[in-house]
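Model, not experiment: these values are computed from the prediction. So you know, we letter chains A, B, ... as the sequences are listed, proteins then strands, and number each from 1.
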Protein chains: 2
Amino acid sequence: MTDSAFFGHLPHKTIERLSQYRRALLLCLDNGQSHIFSHEIAKIQHITSVQVRRDLMLIGYSGTLRKGYNIQELIDLIGSIVDSEEGINVAIVGMGNLGRALIKYISGKRHKLTIVAGFDSNPEKAGTKMNGVDCYSTEKMDEIIREKEIKIGIITVPAVNTREIAARLVEAGIKGILNYTPKPIEVPDGIYLEEYDMITTLEKIAFFVKVSEEEKEPTPEK
Amino acid sequence: MTDSAFFGHLPHKTIERLSQYRRALLLCLDNGQSHIFSHEIAKIQHITSVQVRRDLMLIGYSGTLRKGYNIQELIDLIGSIVDSEEGINVAIVGMGNLGRALIKYISGKRHKLTIVAGFDSNPEKAGTKMNGVDCYSTEKMDEIIREKEIKIGIITVPAVNTREIAARLVEAGIKGILNYTPKPIEVPDGIYLEEYDMITTLEKIAFFVKVSEEEKEPTPEK
DNA sequence: ATTCTGCTGTTAATTAAATAACAGCGCAAA
DNA sequence: TTTGCGCTGTTATTTAATTAACAGCAGAAT
């Protein structure tokens, strides 16, 4: 039995990449490939092969010289590190376009991550199913989260409600929050929070596009 | 006239934070606030006040001692750095839930970033409007992109089509791509690419939730 | 006055992440 | 054989990002 807690000190970026490697590897497996070289993985992820080998070193996996890494083994190992053995239940709060997109996108892709509930303040949506996920009124959030032992909440509600929803998720005992709202929230220690804002990303791209255009223009004298 | 190209060497993370600061500042302005301290901004963004002051130092902005930073001035300065003076046109490829969510979310929020077209392979969507944005058939992508001088493309199509769409965006002369598909793409030099995958983010959260739970359990002997 | 306090702006130190460098090995070619 | 080559695994170096440390100042408290 491996002491999986050992992996708690992996760099955050490595965790992200492991998840990405796995997805790429699953595709390769579907193509009938059985082994893969570090530089092949690297190519797919736009990184260097050193980075890949270094990450694999950190999780203690060894490939075969001149043959590369056994894809199935690597997938399993990554799973044993990033997945929770018993699986983790997830809820989405806000059944708007983004919430629905997430359900379609995530459901069924990872058998250790299950979206078990969607919440929406619109009472008409309560009682319906969206891509196999039961929807409930936001009022029942607390109850359902405890009942279904939901550990992670994804917030996709309008910005004005973000704070309130976050507070209620915390109150209900959630352990991780993914906030897709432009409104930053605060959570107590011990709750893992990740925030992602699409406008920030877009503005960043716009900035670098702008800069690269400016650099191309004839530099105005010394 | 400031030599805005100077700011081309700002750290990527600083650019992201500037965008976030601005959003927070706009809210403060709405609340009637006129000045703000570095530690107040920091609180909102869950970072330290040193980080904030350092970022502002990098863009050459000075606050007033014991009074903080002039919110309006700072918003304007950040705008002059991250925004493109003439504005930048954006297209969304894939009018599914995610594409629609993005339109609702972004449209009108930044007057220097305009979503001017949506594309979808479903011919029924062509000719319609979504939240004020014209939709076109994917076939017309090349034509419309040139015609409207679209610089940035956001890909929200099903994974299988990602590569083809990306290639066509590049071909049409796009300068920046935001890929929300789980399929990594490759682009030539000079095109700024940003990829974001929701499952990776969710798996990362799941990992840290798992790790923190394990750490809480009674450590199995020495 | 003068001491204290709380904030800014900047430099220095630390930490995290990515990259480079290279030793080792086993197949493949000659 | 032996030489070369291509790949792994690891350590060393570099670069990027964050955090710590502190000098300086202006107003408030005494």
Side-chain angles (χ1 to χ4, degrees), chain A residues 7-21 25 28 33-71 73-74 77-78 184 192-195 200 204 207-208 211, chain B residues 7-21 25 28 33-71 73-74 77-78 184 192-195 200 204 207-208 211:
Chain A
F7 294 113
H9 306 93
L10 287 172
H12 284 217
K13 298 277 182 154
T14 294
I15 296 296
E16 283 177 19
R17 282 190 299 261
L18 287 175
S19 162
Q20 287 160 356
Y21 296 163
L25 292 170
C28 295
Q33 241 178 302
S34 76
H35 288 74
I36 193 167
F37 295 125
S38 60
H39 68 261
E40 292 176 300
I41 300 179
K43 185 89 184 290
I44 299 172
Q45 306 296 143
H46 323 126
I47 56 179
T48 67
S49 62
V50 186
Q51 185 78 267
V52 174
R53 291 201 301 276
R54 207 169 195 301
D55 286 334
L56 299 190
M57 186 189 92
L58 291 174
I59 63 172
Y61 185 66
S62 287
T64 310
L65 199 46
R66 293 189 70 82
K67 207 174 161 194
Y69 304 92
N70 180 305
I71 295 180
E73 273 179 29
L74 191 45
L77 177 59
I78 293 176
Y192 187 88
L193 170 67
E194 180 100 11
E195 308 198 303
T200 294
K204 184 176 152 193
F207 172 79
F208 286 110
V211 167
Chain B
F7 295 112
H9 306 92
L10 287 172
H12 284 216
K13 299 275 184 152
T14 295
I15 295 296
E16 282 177 21
R17 283 191 297 262
L18 288 175
S19 163
Q20 286 159 356
Y21 296 163
L25 293 170
C28 294
Q33 241 179 302
S34 75
H35 287 75
I36 194 168
F37 296 125
S38 61
H39 68 261
E40 293 177 299
I41 300 179
K43 185 89 184 291
I44 299 172
Q45 306 295 144
H46 325 124
I47 56 178
T48 66
S49 62
V50 187
Q51 186 77 268
V52 174
R53 291 201 301 277
R54 208 172 194 299
D55 286 334
L56 299 190
M57 187 189 91
L58 291 175
I59 63 172
Y61 184 68
S62 287
T64 310
L65 199 48
R66 294 190 69 83
K67 208 174 162 194
Y69 303 93
N70 181 305
I71 294 179
E73 273 179 27
L74 191 45
L77 177 58
I78 293 176
Y192 188 87
L193 171 67
E194 180 100 10
E195 308 198 304
T200 294
K204 184 176 153 194
F207 173 80
F208 286 109
V211 167

| said: Filter on side chain to side chain donor-acceptor pair (under 3.5 Å), then keep only pairs touching residues 55-69 of chain B, sequence neighbours left out; what's left? | reply: Thr14(B)-Asp55(B), Arg17(B)-Asp55(B), Tyr21(B)-Asp55(B), Tyr61(B)-Glu73(B)

| Of all residues at least two apart in sequence or in a different chain, which pass the ring pair (Phe, Tyr, Trp, His ring centres under 6.0 Å) check with Tyr192(A)? | Phe208(B)

| note | To the nearest angstrom, the NE2-C1' distance between His35(A) and dG6(D) comes to 16 Å

| field | Rounded distance (Å) that lies between atom C1' of dT18(D) and atom CD of Glu16(B) | value | 15 Å

| query | In whole Å, what is the span from the CD atom of Glu40(A) to the C1' atom of dT8(D)? | reply | 14 Å

Just list the side-chain donor-acceptor pairs under 3.5 Å for residues 40-48 of chain A, sequence neighbours left out, or say none.
| from | atom 1 | to | atom 2 | distance (Å) |
| --- | --- | --- | --- | --- |
| Glu40(A) | OE1 | Phe37(A) | N | 2.7 |
| His46(A) | NE2 | Ile185(B) | O | 2.1 |
| Thr48(A) | OG1 | Gln51(A) | N | 3.2 |

| How does protein contact run along nucleotides 5-13 of chain C, one letter per nucleotide 5' to 3', with B for base contact, S for sugar-phosphate only, - for none, heavy atoms under 4.0 Å? | BBBBBBBB-

| said: Among residues at least two apart in sequence or on other chains, which ones pass side-chain hydrogen bond (donor to acceptor under 3.5 Å, both in side chains) with Arg53(B)? | reply: Ser38(B), Ser49(B)

| Within this structure, what is the CD1-to-P distance between Ile15(A) and dA16(C), rounded to whole angstrom? | 15 Å

| Spacing of Ile41(A) atom CD1 relative to dT8(D) atom C1', expressed in whole Å | 12 Å

| said: Let me confirm one number: the CD1-CG distance from Ile59(A) to Leu77(A), rounded to the nearest 0.5 Å. | reply: 4.0 Å

| Rounded to the nearest Å, what distance is computed from the CD atom of residue Gln51(A) to the C1' atom of nucleotide dT8(D)? | 16 Å

| remark: The nucleotide from dT19(C), dT18(D), dA18(C) with an atom nearest the side chain of Arg17(A) is dA18(C)

| Distance in angstrom units between His12(B) NE2 and dA16(C) C1', rounded | 17 Å

| query | What is the distance, rounded to the nearest whole Å, between atom NE2 of His46(B) and atom C1' of dT18(D)? | reply | 17 Å

| message | Tell me every residue that passes salt bridge (charged side-chain N to carboxylate O under 4.0 Å, His left out) with Glu195(A), counting only those two or more places apart in sequence or in another chain. | response | none

